[in-house]
2 protein chains.
Amino acid sequence: MVVSITGDQALVKKINMSLALETIRVHAPVSRAQVAELTGLNKATVSNLVSDLLEQQLVTEIGPGQSSGGRKPLLLLFNRHAGHSIGIHLDVHSFSIALCDLSGQILFEKLNLRLLHSDPVQVTEQLSSVIQELIDLAPASPYGVIGIGVGAPGMVDEQGCVLFAPNLGWEQIPLRQWLQDRFTHIPVLVDNEANAGAIGEYEYGAGKHVQHLIYVSAGAGIGTGIMTRGEIFRGAMGYSGELGHMTIDVHGRKCSCGNRGCWELYASEKAILDPQKSLPFHTLYEAIQAAERDDADALHFLYQLGEYLGIGIANLVNGFNPDLIIIGNQFAHLERWIKAAVLRSVKQRALQSHQQNLNIVYAPLQQRSTLLGAANQAIRSFVGRAKVTV
Amino acid sequence: MVVSITGDQALVKKINMSLALETIRVHAPVSRAQVAELTGLNKATVSNLVSDLLEQQLVTEIGPGQSSGGRKPLLLLFNRHAGHSIGIHLDVHSFSIALCDLSGQILFEKLNLRLLHSDPVQVTEQLSSVIQELIDLAPASPYGVIGIGVGAPGMVDEQGCVLFAPNLGWEQIPLRQWLQDRFTHIPVLVDNEANAGAIGEYEYGAGKHVQHLIYVSAGAGIGTGIMTRGEIFRGAMGYSGELGHMTIDVHGRKCSCGNRGCWELYASEKAILDPQKSLPFHTLYEAIQAAERDDADALHFLYQLGEYLGIGIANLVNGFNPDLIIIGNQFAHLERWIKAAVLRSVKQRALQSHQQNLNIVYAPLQQRSTLLGAANQAIRSFVGRAKVTV
DNA sequence: CCAACTTTGTCTATCCAATAAACTAAGTAC
DNA sequence: GTACTTAGTTTATTGGATAGACAAAGTTGG
């Protein structure tokens, strides 16, 4: 019975191959000599690896570059057109989908399509038909569509089964399997929407090269994607991060989860439903509209929303000491209204030492964070990153 | 400039060597054939690795075992006497220290020694002298004392510098370096006390083979050691887990950290100092004494302490979905008084789905969790575990 | 008691990837 | 035009894993 990963030459090649490919991807355009320099691999080794990569069409040669006092280097590029990836952000009432190349460049996208039903079977049906459209739109390429990634609200296990998505009303829906059955030749991945968002911003947005970040997906509820050393933090059974249901007020109001005083009751769209307040608007959209008209109630409401968001963020900062907090999902658009309040709360409540290198931003990818993160997960598993810790 | 880890034959050997050693350690007594079976390595490879390990005296042959229908197997044992490790639990007013073998068996220990001063230089002095005593006591062995591990309260960075330990009154103390300067030939490691506790319980206590656990170190304050997939979770700059300063009551009292309503104000020894309560006891010890006499105030106080501890634990459960919560440090002794209250809070407040496989225990290693965890970190870095993710 | 079979562990030839060093190619500098 | 630099390839070597043959040491059943 084979369980563990053993070392052999195939593994060595895998490690060095992915190291070379990543180096080319990040530092492109780059010469073989530079890759050798950057990775610490021997020139000959790099030459061998690169010739394999050229054969696999994952890398292209774009001709000679400028000389630095000797023979001109032959510059290499990661071939982002070798294949395409499809990313999906499944939200509670809508979804967004995009087709992108291997560098995350979007070729086609459809944003905020309404879900026609909430029933998981019918949702799968609707998703599948749009996915097929994008597959048909994909330009010819050596590898075709190499994967489909989905970011879904709620808890998702390692098999891509949606265990619990209260806002969708789903339980134990093997979404990945259902989609995989439709697209048998394309790997399908399903992860939590906030995790995907964190990955998206890490790869293509605010978090480029920031190794420790937290993506706070605030909208209908709150979810968090926590990244350390460039890796998503996963709890037991592969899922975690229901930090929206962290108690911030022991004596607070009852939450649907059974607890009291959950963060997301005060810092997500759910705050509008606070029975004690009887606010003159019923959705976030309406609140913003009112705020645009300088409505005092709305402005005050949004400020409070920011304060509470900041309280939870301060907790995250104390607990994880991230370098970057990214406020995403619908709240990415609220910067204008909540920025000051969020900063005030965090400044007041987070440990001084943890605030030194802290940055708080509003997802620059906006509604595309999760989309691109999901697509990126498919890309990752295609190009296959091998890592070693000694 | 060499940055990344590249693959070569030495790496392959390292990976397989550590795999073989770990397999022998875990499954001992075991034959070469079984190791090959268990790891997936070739018989010849295992023979080679084992002969190296025998030469290095990390493994011993203890003669033939029972035949299963053919030649008798030659049984192998991990040589836990190849060297010794020293583990230290540094607390606010006291420290504990032990000398143990490579399997974590304690040979000598000194528990709860009072710190004579709180000044870091003098603390280092005192620690060093006791460490030297234990080094002198260590039996002769091939490798001698292979490392010194320290678990310290507060934030510790990757270099073993105590960045911030409010309860000790320390800031920016390069404890590891200071100790390393004293014991130049023995590697010194310093980590957070709760992280070490988590490792201790994972390796030798309640958490054996439980991949996702949280060690809640409750005493003078609260610290948490979070373990996923058998690895300690570390935030930015290598430290994190100041979850004792997570807000659980937005309108709560002021904490020394600047925030309001921090968990540890209500669920650690600090709860005794609540000015609103003016309790008739001033230390946890006194409270327990009173409770032993069935003092109503004390019993009620301890019950509340348990409730608040449970509230924070529920947050942890929602956030990390662990399989096991271990309540350690001084609170490990409070099971009798707080168990019901803790369970009640958690049951009431944690997500139902996360409670399914959840277990809550009181550190069976008691005051030795951190000690053994710290010693184990030294052992780990000595036997050198290599891991690969593909 | 012996022949057939099993299991354990080692030996041998082979493979494969990385590597150093030599080498070719193609430029610059003065 | 000679000396030097830099880029990339070729060649011989190294070291570890592997399959398969083999030796060692047992069991089983007639």
Side-chain angles (χ1 to χ4, degrees), chain A residues 2 4-21 23-24 27 29-55 59-76 386 388 390, chain B residues 1-2 4-21 23-24 27 29-55 59 61-76 386 388 390:
Chain A
V2 182
S4 344
I5 293 176
T6 64
D8 60 0
Q9 299 185 313
L11 178 72
V12 169
K13 183 142 196 185
K14 211 171 194 171
I15 290 168
N16 291 340
M17 192 77 116
S18 75
L19 181 59
L21 184 56
T23 307
I24 295 170
H27 295 89
V30 72
S31 69
R32 290 166 177 78
Q34 281 176 72
V35 172
E37 182 79 1
L38 286 163
T39 57
L41 290 166
N42 188 280
K43 284 195 300 175
T45 309
V46 171
S47 263
N48 276 326
L49 293 173
V50 166
S51 90
D52 280 14
L53 288 170
L54 285 169
E55 210 165 286
V59 158
T60 46
E61 221 166 38
I62 55 162
Q66 202 132 43
S67 161
S68 61
R71 171 172 168 182
K72 285 182 183 169
L74 283 167
L75 295 181
L76 301 169
V388 194
V390 184
Chain B
M1 191 190 60
V2 181
S4 344
I5 293 176
T6 63
D8 60 359
Q9 315 237 42
L11 178 73
V12 170
K13 183 144 195 184
K14 212 169 192 172
I15 290 169
N16 291 339
M17 192 76 115
S18 75
L19 181 59
L21 184 56
T23 306
I24 293 169
H27 294 88
V30 71
S31 69
R32 290 167 176 78
Q34 279 176 72
V35 172
E37 182 78 2
L38 285 164
T39 57
L41 290 167
N42 188 280
K43 284 194 300 173
T45 308
V46 172
S47 262
N48 278 327
L49 294 172
V50 166
S51 89
D52 280 12
L53 288 170
L54 284 168
E55 211 165 285
V59 158
E61 221 166 38
I62 55 163
Q66 203 133 43
S67 160
S68 61
R71 174 174 165 178
K72 283 182 183 170
L74 283 168
L75 295 183
L76 300 168
V388 194
V390 185

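Quick note on labels: first sequence line is chain A, next is B, and so on, each numbered from 1. Reckoned from all heavy atoms, side chains included, excluding hydrogens, waters and symmetry mates. Computed from a predicted structure; not experimentally measured.
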I'd like the 5' and 3' limits of the part of DNA chain D contacted by chain A, with heavy-atom contacts below 4.0 Å. dT5(D) to dA17(D)
dT24(C) phosphate, OP1 or OP2, under 4.0 Å from Arg71(A) side-chain N/O: no
Between Thr23(A) (side chain only) and Val35(A) (backbone N and O only), is there a donor and an acceptor less than 3.5 Å apart? no
What's the shortest heavy-atom distance between Pro73(B) and Ser31(B), and which atoms? CB-CB, 3.5 Å
Reading DNA chain C from 5' onward, which residue's closest nucleotide shows up sooner: Ala44(A) or Ser31(B)? Ser31(B)
Taking atom C1' of dG9(C) as reference, at what distance in whole Å does atom CD1 of Ile24(B) sit? 14 Å
Can you check nucleotides 14-17 of chain C for protein contacts, nitrogen or oxygen pairs under 3.5 Å, and list what you find?
unit_1	atom_1	unit_2	atom_2	d
dC16(C)	O4'	Gln9(A)	OE1	3.0
dC16(C)	O2	Gln9(A)	OE1	2.7
dC16(C)	O2	Gln9(A)	NE2	2.2

With nearest nucleotides of DNA chain D determined for Gly70(A) and Lys43(B) from heavy-atom distances, which residue corresponds to the more 5′ nucleotide? Gly70(A)
Only one of Val12(B), Asn16(B), Val388(B) forms a side-chain contact (heavy atoms from CB on, under 4.5 Å) with Thr6(A), so which one is it? Asn16(B)
Going by side-chain hydrogen bond (donor to acceptor under 3.5 Å, both in side chains), name the pairs with one or both residues in residues 59-69 of chain A, residues two or more places apart or in two chains. Arg32(A)-Glu61(A)
Only distances under 3.5 Å count here; give the side-chain donor-acceptor pairs of residues 40-52 of chain B to other protein atoms, sequence neighbours excluded, each with its distance to 0.1 Å.
unit_1	atom_1	unit_2	atom_2	d
Asn42(B)	OD1	Ala44(B)	N	2.8
Ser51(B)	OG	Asn48(B)	O	3.1
Asp52(B)	OD2	Lys13(B)	NZ	2.8

Answer with base, sugar-phosphate or nothing: what part of the nucleic acid does Ser68(B) contact at a heavy-atom distance below 4.0 Å? sugar-phosphate
Is there side-chain contact between Leu76(A) and Leu53(A), with heavy atoms separated by less than 4.5 Å? no
Correct closest heavy-atom pair for Ile5(A) and Ile15(B) would be O-CG2, 4.1 Å
For Gln9(A), check side-chain contact (heavy atoms from CB on, under 4.5 Å) against everything at least two apart and list the hits. Gln9(B)
Roughly, in whole Å, what's the span from CD in Glu37(B) to P in dT8(C)? 9 Å
Tell me the interatomic distance from Asn42(B), atom CG, to dA13(C), atom P, rounded to whole angstroms. 16 Å
For a quick check of understanding: with a heavy-atom distance under 4.0 Å over all strands, which category does Ser67(A) fall into, base, sugar-phosphate or nothing? sugar-phosphate
